[in-house]
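Please read the structure below before turning to the comments.
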Amino acid sequence: MSSILFSILAIYIFIVIGFVAKMSFKERIDDKTVTLINVYFLQIFLTFWGLLIRPVDTNLFFAPSIYLFIVILVLIISAFVAKKIFEEKKEYSIATVAAIVGNTGNLGIPLNIAIFGEESIPYTTVINLMNVFVVYTIGVYYYSRGSFDVKTSLKNIAKLPILWAAAAAIILSVNDYKPKEEIMEVLMMGAYASIVMQLFLFGIYLYGTKITQISKRLTLWVISLKFIFLPAAAFLILSFIELDSMIKGIIFIELMVPLAIANVNFASLYDCKPKVVTALVFISSILFLGAIFAGVKVLTYL
């Protein structure tokens, strides 16, 4: 566990670089340009690389189906309750969706390997695949709704090339397509560039963000939803399902991971208070370093 925590902290060096770059060059670094390059170009490489690096086993889709059921259930409850608490449109969008857009890939996969071993990889891979579609449909819709109407928000989902890239990659993977080594190397270069740029963008938005000025009500809502309500709902539902304890544990951990940096991408892309979302991602990442130890203890009761 300590090695995984060290790896997480080591990754944050790119966040620091982004922070220092923005602090040094101020307005000469255009936040939106970085977002557009990453979302519309580099993340296509990340999507193909992530989905083609291992074959997708359709027999494993029961686990992500449970994951999706829990996410949708919490989303419905969150959307209903948040409507009564947050009157401002953008705050409502953030309150509804931020907590369910978790870092199931870059953090969730290595974390589950540390806890359950390499046997967890097939399950974490398909759960992360399901999360990709949650992020680029539900996530995009709600962040877009902070600034646009329903029709435009639905169009914004269809406009994202990542969603179509994911669909194409899944079709290729299911049909046993194995890219040549040279192709995978190109995809890997673009994928790592995308990951680094996401972290860099996070650092850019972190500069100038004053956590003390963010709505305490919104912060409390999102963090409580992420680390209390979502894990509690997962634990309750998983307790009534007959399933291998390791698979239950994987689903539970994947639902507990902190807010994904993808939240910042979409908040920036659709002008839905990106600095507020950046602060929420940062707070959840810090709190997760302690919450994960409590989460691991809960696994013994599943």
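For reference, positions follow the sequence shown, starting with 1. All values below were derived from every heavy atom in this structure, side-chain atoms included, with hydrogens, water molecules and symmetry-related copies excluded.
Summarising the local packing, NZ of Lys89 is surrounded by more than 12 heavy atoms from other residues, nucleotides or ligands at distances under 6.0 Å. Heavy-atom contacts from other residues, nucleotides or ligands closer than 6.0 Å to CE of Met23 number more than 12. The number of heavy atoms from other shown groups lying within 6.0 Å of NZ (Lys26) is above 12.
When side chains are defined from C-beta on, Val134 does not count as touching Val101, because their heavy atoms never get closer than 4.5 Å. The side-chain heavy atoms of Cys272 and Ile94, taken from C-beta on, include a pair separated by under 4.5 Å. The shortest side-chain heavy-atom distance between Leu206 and Lys275 does not fall under the 4.5 Å cut-off. The closest side-chain heavy-atom distance from Asn128 to Tyr123 is not below 4.5 Å. Residues Ile261 and Leu201 form no side-chain contact, since every pair of their non-hydrogen atoms from C-beta on lies 4.5 Å or further apart. You'll find the side chain of Val281 stays beyond 4.5 Å of the side chain of Asn103, heavy atoms only. At least one side-chain heavy atom of Ser78 sits under 4.5 Å from a side-chain heavy atom of Leu225. Under the 4.5 Å side-chain criterion, counting only non-hydrogen atoms from C-beta, Asn112 is not in contact with Ile109.
For residues 200-227, no residue pair satisfies the salt bridge (charged side-chain N to carboxylate O under 4.0 Å, His left out) rule, not counting sequence neighbours. Within the structure, every pair that satisfies the ring pair (Phe, Tyr, Trp, His ring centres under 6.0 Å) test and touches residues 253-285, not counting sequence neighbours, is listed here: Tyr136-Phe266. Note on residues 286-302: no pairs pass side-chain hydrogen bond (donor to acceptor under 3.5 Å, both in side chains), not counting sequence neighbours. Within the structure, no pair that satisfies the ring pair (Phe, Tyr, Trp, His ring centres under 6.0 Å) test touches residues 140-171, not counting sequence neighbours. Within the structure, every pair that satisfies the ring pair (Phe, Tyr, Trp, His ring centres under 6.0 Å) test and touches residues 32-51, not counting sequence neighbours, is listed here: Trp49-Tyr192.
Residues satisfying the side-chain hydrogen bond (donor to acceptor under 3.5 Å, both in side chains) criterion with Asn131, sequence neighbours excluded, are Tyr67, Thr104. For Phe19, the ring pair (Phe, Tyr, Trp, His ring centres under 6.0 Å) criterion is met by Tyr207, not counting sequence neighbours. Among residues two or more places apart in sequence or in another chain, the side-chain contact (heavy atoms from CB on, under 4.5 Å) test is passed with Val196 by Phe14. Every side-chain contact (heavy atoms from CB on, under 4.5 Å) that Phe25 has, sequence neighbours left out, goes to Arg28, Ile29. Every residue two or more places apart in sequence or in another chain that forms a side-chain contact (heavy atoms from CB on, under 4.5 Å) with Ala166 is listed here: Thr47, Leu51, Val132, Phe133.
The structure places CD1 of Ile53 at 9.0 Å from OG1 of Thr125, a figure rounded to the nearest 0.5 Å. For the atom pair CG (Leu163) and CD1 (Ile44), the distance works out to 11.5 Å, reported to the nearest 0.5 Å. The OG1 atom of Thr137 lies 6.0 Å from the CD1 atom of Ile157; values are rounded to the nearest 0.5 Å. Rounding to the nearest 0.5 Å gives a distance of 10.0 Å between CD1 of Ile214 and CD of Glu91. Taking CG of Asn265 as the reference point, atom CD1 of Ile162 lies at 8.0 Å (rounded to 0.5 Å).
Nearest heavy-atom pair across Leu52 and Ala169 is CD2-O, 3.6 Å. Closest approach of Ala21 and Phe200 over heavy atoms only: CB-CZ, 3.8 Å. Here the closest non-hydrogen pair linking Val277 and Ala267 is CG2-CB, 3.6 Å. Considering all non-hydrogen atoms of both residues, Met130 and Ser65 come closest at CE-N, 4.4 Å. Of all non-hydrogen atoms in Ile292 and Leu289, the two that sit nearest each other are CG2-O, 3.6 Å. Between Gln198 and Ala262, the shortest heavy-atom distance links the atoms OE1-N, 4.0 Å.
Residue Ile85 is not grouped with residue Leu220 when hydrophobic side chains (ILVMFWY) are merged at heavy-atom distances under 4.5 angstrom, including chains of intermediate members. Ile70 and Ile76 fall within a single hydrophobic cluster, where Ile, Leu, Val, Met, Phe, Trp and Tyr are joined by side-chain heavy atoms under 4.5 Å apart, directly or via other members. Val264 and Ile286 fall within the same hydrophobic cluster, where Ile, Leu, Val, Met, Phe, Trp and Tyr residues are linked whenever their side-chain heavy atoms come under 4.5 Å apart, directly or through other members. In this structure, Phe293 is a member of the same hydrophobic cluster as Ile223, with clusters built from ILVMFWY side-chain heavy atoms closer than 4.5 Å. Criterion: ILVMFWY side-chain heavy atoms under 4.5 Å apart, direct or through other members. Under it, Ile77 and Val222 are part of a common hydrophobic cluster.
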Ignoring hydrogens and angles, write down the donor-acceptor pairs under 3.5 Å from the side chains of residues 171-185, residues two or more places apart or on other chains.
from, atom 1, to, atom 2, distance (Å)
Ser173, OG, Val56, N, 2.8
Asn175, ND2, Ile171, O, 2.7

Show every donor-acceptor pair shorter than 3.5 Å between a side-chain atom in residues 241-259 and any protein atom, with sequence neighbours excluded, or say none if there are none.
from, atom 1, to, atom 2, distance (Å)
Asp244, OD2, Met246, N, 2.9
Lys248, NZ, Leu238, O, 3.0
Lys248, NZ, Ile241, O, 2.8

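Panel note: side chain Thr124, backbone Ser120; a donor-acceptor pair is recorded below 3.5 Å. Between the Asn263 side chain and the Ala260 main chain, a donor and an acceptor come within less than 3.5 Å of each other. No donor-acceptor distance shorter than 3.5 angstrom exists from the side chain of Ser224 to the backbone of Trp221, with no hydrogens or angles considered. Remark: the backbone N or O of Leu46 is not paired with any side-chain donor or acceptor of Gln43 at under 3.5 angstrom.
Lys32 has no carboxylate O lying under 4.0 Å from a charged side-chain N of Asp271, or vice versa, which leaves the two without a salt bridge.
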Inset, instruction - Apply side-chain contact (heavy atoms from CB on, under 4.5 Å) to Asp31 and Lys22, showing your working. - result: CA-CA 9 Å; Asp31 314 345; Lys22 185 65 174 177; 3.1 Å; yes
Legend entry - Verdict with supporting geometry, Leu129 and Phe61, side-chain contact (heavy atoms from CB on, under 4.5 Å): CA-CA 10 Å; Leu129 173 61; Phe61 268 82; 3.8 Å; yes
Legend entry - Asn156 and Ser153: CA distance, side-chain angles, deciding distance, side-chain hydrogen bond (donor to acceptor under 3.5 Å, both in side chains) verdict: CA-CA 5 Å; Asn156 286 337; Ser153 296; 5.0 Å; no
Inset, instruction - Before giving the answer on side-chain contact (heavy atoms from CB on, under 4.5 Å), spell out for Val140 and Val135 the whole-Å C-alpha distance, their side-chain angles and the decisive distance to 0.1 Å. - result: CA-CA 7 Å; Val140 169; Val135 170; 5.8 Å; no
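Using modelled atom types and a 3.5 Å distance limit, the side chains of Asn38 and Ser194 yield a donor-acceptor pair.
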